[in-house]
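What follows is a short report on a single structure.
In listed order, ligands and their atoms are each counted from 1.
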Amino acid sequence: MDMNSLPRHVAIILDGNGRWAKARGLGRSEGHRAGALAVREIVQYCREIGLKHLTLYTFSSENWSRPKTEVSALFSLLLEFLKAEVPRMLQQGISLKVFGDVEGLPLAVRTALKLAVKTTAKGGAMDLNLALNYGSRAEIVRAVRRIVADGVPADQISEETIASRLYTAGQPDPDLVIRTSGEQRLSNYLLYQIAYAELYFTPVAWPDFTPAEMAKALEAYQSRSRRFGKTQEQVDAESAGA
Ligand code: IPE
Ligand code: IPE
Ligand code: MG
């Protein structure tokens, strides 16, 4: 892996906790517990290699349709995670950000998140964005409402007007989207921001997604040729000149 050409921003759809648990005769919550450990390892690894922005899809606005017991197990795990990890984030300069409708989360979760975001705000080494109670279409609707509320005239609306009102404002667009556990879909994730991202799908279930698997994804990313509409010859000429 070439440490000089890491993606600036990696967005992950962590999927397969339930299937991982089922295959082991465990309950879904146990799968999520194993998934939380994987999150911890991957965050550490990304921080170590110097990745600047990492976004994890942790709870979608559609996930409310899951059984109540599973939803509350997920939130308890999140609380445990914050308790254990915030001190470490502080130490390592990781800033926690939340993408999604925080106000729609249970009070205890909301309170813990707000505190974690505030205490880690000065981080500077890496942004760890948790997409929580997140849906991409809702994010775009929210941005449009803000544009209208700000009174921006129609002819002044640019791509930047929209981008600056998304949760990702101030961060680069994801260069790489990873989805674990075999599904090849985006499930309402960062649709505006990933217009030109590279996509990486792996059959590995999220709890088994180790730093070595992450390294494989990064290597796959580095083997891609990003052309942004140009021909390969133009891209080659530019990198020879650079
Ligand atoms: C991903 O694992 C975690 C969340 C969506 C919170 P799943 O729970 O979706 O696992 P599968 O897809 O049922 O295996
Ligand atoms: C997507 O996973 C959301 C998260 C990873 C939090 P799901 O497992 O809920 O996705 P779908 O609904 O199967 O596409
Ligand atoms: Mg799933």
For ligand 1, which atoms, with element, lie under 4.0 Å from some heavy atom of His32? 3 (C), 8 (O)
Quick check on Gly16 - does any of its heavy atoms sit under 4.0 Å from an atom of ligand 1? yes
With distance as the sole test, does Asp127 use its side chain to make a donor-acceptor pair with the main-chain N or O of His53 at under 3.5 Å? no
Taking the non-hydrogen atoms of Arg179, is any one of them nearer than 4.0 angstrom to ligand 2? yes
CA sep, side-chain torsions, deciding dist, call: Lys52, Asp175, salt bridge (Lys or Arg N to Asp or Glu O under 4.0 Å): CA-CA 12 Å; Lys52 294 291 178 211; Asp175 299 298; over 6 Å; no
Atom of Arg179, atom of Asp15 and distance for their closest heavy-atom approach: NH2-OD2, 2.8 Å
Enumerate the atoms of ligand 1 whose separation from the nearest heavy atom of Gly18 is less than 4.0 angstrom. 7 (P), 8 (O), 10 (O), 11 (P), 13 (O), 14 (O)
For Gln232 and Arg227: C-alpha separation, side-chain torsions, deciding distance, then whether side chain to side chain donor-acceptor pair (under 3.5 Å) applies. CA-CA 7 Å; Gln232 188 59 50; Arg227 290 192 286 275; 3.0 Å; yes
Nearest protein heavy atom with distance in Å, relative to atom 5 (C) of ligand 2: Leu14 O, 3.2 Å
Using heavy atoms and a threshold below 4.0 Å, how should the contact between Arg28 and ligand 1 be classified: side chain, backbone, both, or neither? side chain
Does some non-hydrogen atom of Glu62 fall short of 4.0 Å from ligand 2? no
2.8 Å shell around the Mg ion (ligand 3), exclusive bound, protein N/O/S atoms: 1
Geometry only, no angles: is Ser181 polar-contacting ligand 1 at N/O separations under 3.5 Å? no
Can you list the ligand 2 atoms lying under 4.0 Å from a non-hydrogen atom of Asp15? 8 (O)
Tell me the closest heavy-atom pair linking Leu186 and Tyr57, and the distance in Å. O-CE1, 4.4 Å
Evaluate the side-chain proximity of Glu139 to Gln193: yes if any heavy-atom separation is below 4.5 Å, no if none is. yes
For ligand 1, is any non-hydrogen atom under 4.0 Å from Lys22's backbone (N, CA, C, O), its side chain (CB onward), both, or neither? neither
If you measure from the Lys or Arg side-chain nitrogens to the Asp or Glu carboxylate oxygens, is any gap between Lys230 and Glu238 under 4.0 Å? yes
Let me see the working for Phe228 and Tyr196 under ring pair (Phe, Tyr, Trp, His ring centres under 6.0 Å), right down to the final yes or no. CA-CA 7 Å; Phe228 298 102; Tyr196 249 116; 4.9 Å; yes
Taking distance alone, with N or O pairs closer than 3.5 Å, would you say Arg19 contacts ligand 1? yes
N/O of Ser60 under 3.5 Å from N/O of ligand 2, yes or no? no
Presence of salt bridge, Glu213 and Lys216, under 4.0 angstrom: yes
List the closest protein heavy-atom neighbour of atom 6 (C) of ligand 1: residue, atom name, distance to the nearest 0.1 Å. Thr58 O, 3.4 Å
Under 3.5 Å, side chain of Tyr200 to main-chain N/O of Leu218, donor-acceptor pair present? no
Among non-hydrogen protein atoms, atom 9 (O) of ligand 2 lies closest to Asn63 ND2, 2.8 Å
By number and element, which atoms of ligand 2 are closer than 4.0 Å to a non-hydrogen atom of Ile13? 5 (C)
heavy-atom search around atom 12 (O) of ligand 2 in the protein gives Ser187 OG, 4.5 Å
Below 30° counts as parallel, above 60° as perpendicular, anything between as tilted: where do the rings of Trp64 and Phe59 land? perpendicular
Taking all non-hydrogen atoms of both residues into account, name the closest pair between Asp208 and Arg24 and its distance. OD2-NH2, 3.8 Å
Whether Arg66 lies under 4.0 Å from ligand 2, heavy atom: yes
Please report the shortest heavy-atom distance between Gln222 and Leu6, naming the atom on each side. NE2-N, 3.9 Å
I'd like to check which ligand 2 atoms, numbered from 1 as shown, lie under 4.0 Å from a non-hydrogen atom of Phe59. 6 (C)
Tell me if a side-chain donor or acceptor on Ser181 pairs with a main-chain N or O of Val204 at a distance below 3.5 Å. no
Checking a contact table here: which protein heavy atom is nearest atom 13 (O) of ligand 2, and how many Å away? Arg185 NH2, 2.8 Å
Which heavy atom of Ala116 sits nearest to which heavy atom of Leu96, and what is that distance? CB-CD2, 3.7 Å
